[in-house]
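Below, chains carry the letters A, B, ... as their sequence lines are ordered, and counting in each starts from 1.
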Amino acid sequence: MIEVGNEDPWKAIGASSVDATAARWLARRDRADWRAADQAELDTWLSASTAHMVTYLRLHDAWNRADRLAALRAPMRETPVVPDVHKRVSQPALKIAAVCILAAGMTAALTYRPVPRDVTYSTPIGGREVIALSDGSQVELNTNTILRISGGRSRTVTLDKGEAYFQIKHNAKHPFIVHAFGHRVTDLGTKFVVRGSGKRLEVALVEGRARVDAANTGVHQASAVLTPGDVAIAIDNTVSVTKKPATSLADQLAWRAGMLVFDRATLAEVAIQFNRYNSRKIVIADPAVAHLEIMGKFPVNDVALFGRVAKAVLGVNVADRGNEVVVSKSAGK
Amino acid sequence: MAVSGVAAWFIREVLPLEAALMQFLRRCVRDGSDVADLRQDVYVRVYEAAQKKIPHPVKPFLITTARNIVIDRVRRERVVSIETVADLAELEIAEDRPGPERSVIARQELRRLQAALDRLSPRCREAVVLKKVEGLTGREIAARMGISEDTVDEYLAIGMVALARHLHADGTDAGGAA
């Protein structure tokens, strides 16, 4: 292809001529007008020598990892951009408050008491919602999640399904309590994320302190007080706690900005994550590719983008079958 | 490109060890200028060996290969410095020290990328930022910068090599050498 020149910029960064050629291939490959003939030419160049291949792979890997630079785009932490949802959500809450006041006014005359009702919030697959509570606390619901706020006791909620991120205004007299999957989380001044299924609860503490009490089976009840970075898993009547680095917690919470972050996750894990957010499911058809690893940051709803990246980076075959995206071993080569 | 099993293995298992490999090579080669060439030779040899049989565990194999390549070169050039011999003996013991490569975390990587960006020429940096931070296509970058798409590619290619170098740096290689 392009003749490798001796321009100064290449010398300045200590690039060999193979480096320069491999890098130019990689840059050109991203272009919209990349054709099969170009690919064939690249394949020929790659198979011409192992030096070409290893140089190409090394730069390719670095260029993919440079996608992390996208993190510099906007200071996304602590600023979820969902103001209109706030409004929509607080509206029914206001109505309920109004009903309660009205009801209280009538109590004397009619001895009528409204039964406090649970308010249920839910998100569909791929949905995300922010709930502003009257005490200034905030709950963000991730995909496919159901949260109940107990009537009359605004600081007690139940996570019936899915995942939620809590930012709680601490009140020592009225602890905020999350019931989830048979277990209980008590806020001690905190930001934390709760998720689970069945009888398994997972709590990751971002800030402050919280206590996790495993299901009370009558025999023995385990509990643990979490400090930032702790991830607790409660199953049956046990609680186990591990420490995670802050970056890993931040990655885990990338859904708040509509992203999924994978740091060397296997395709099997990646599929599970994407499938939480999309009705169009990723199916790993081939056990041989399930353990391949990928790094990257993807919009939660962009299964197609993931497919393209997996194909380009791992060389797997990605087939679009309507409601399924099937990943299998590459047939050719 | 169809990435073979060996290629995927190479990306996953070998490239993360580059900082350790470079550290080893820099200690062997006094003037430092040949380190990139040596690294390339090591990768070629490791990759070709893996095409026959994937070596396991990887790190000792990588370092042994690197040592053999250094020894070959010393023999070929017939200039055996006492320092080199001493280092090679010492490194046999030292190589098993746990390297930082597995604990390289995202934040560190981002810092390195930023440092690499800072060292690029302004126009080159602009192209890389528009591509990787803003997520523009080559065509959009060309329009924004008022240059041809080919020139954009050239800037990106230069940026790519510089970023690769910094991503694998172990902290002692501030870049710019050679």
Could you tell me whether a side-chain N or O of B:Lys132 sits under 3.5 Å from a main-chain N or O of A:Trp63, the two making a donor and an acceptor?
yes
Looking only at B:Gln51, B:Lys131, B:Arg139, the option with the highest number of non-hydrogen pairs under 4.5 Å against chain A is B:Lys131
Engaged part of A:Asp30 at the chain B interface, taking heavy atoms whose separation is under 4.5 Å:
side chain
What's the shortest heavy-atom distance between B:Leu113 and A:Arg68, and which atoms?
CD1-CB, 4.0 Å
Taking it one step at a time, do B:Glu18 and A:Arg58 satisfy side chain to side chain contact (heavy atoms under 4.5 Å, CB included)?
CA-CA 10 Å; B:Glu18 184 162 314; A:Arg58 177 173 173 273; 2.8 Å; yes
So what's closer than 4.5 Å to chain A heavy atoms on B:Leu15: side chain, backbone, both or neither?
side chain
Could you grab the distance from atom NE2 of A:His291 to atom CZ of B:Arg12, nearest 0.5 Å is fine?
5.5 Å
Pick one of side chain, backbone, both or neither for B:Asp150, based on which atoms fall under 4.5 Å of a heavy atom in chain A.
both
So, taking the atom named CE in B:Met160 and the one named CG in A:Asn64, what distance separates them when rounded to the nearest 0.5 Å?
9.5 Å
Run the side chain to side chain contact (heavy atoms under 4.5 Å, CB included) test on A:Trp10 and B:Val161 for me, step by step, so that the C-alpha distance in whole Å, both residues' side-chain angles and the decisive distance to 0.1 Å come before the verdict.
CA-CA 9 Å; A:Trp10 291 104; B:Val161 174; 3.7 Å; yes
May I ask you to check whether B:Gln40 and A:Ser16 show a side-chain donor-acceptor distance below 3.5 Å?
no
Which residue pairs pass the ring pair (Phe, Tyr, Trp, His ring centres under 6.0 Å) test when at least one of the two sits in residues 46-72 of chain B, sequence neighbours left out?
B:Phe10-B:Tyr47
Using the side chain to side chain contact (heavy atoms under 4.5 Å, CB included) rule, take B:Val129 and A:Leu69 through it: C-alpha gap first, then chi angles, then the decisive distance, then the call.
CA-CA 8 Å; B:Val129 166; A:Leu69 286 167; over 6 Å; no
Considering all heavy atoms of both residues, which atom of A:Ala66 and which atom of B:Leu163 are nearest to each other, and what is their separation?
CB-CD1, 3.6 Å
Considering all heavy atoms, the nearest B:Glu48-A:Thr50 contact
OE2-OG1, 2.5 Å
Contact part of B:Arg45 toward chain A, heavy-atom cut-off under 4.5 Å: side chain, backbone, both or neither?
neither
Between A:Arg31 and B:Asp153 (salt bridge meaning N to carboxylate O under 4.0 Å), is one present in this structure?
yes
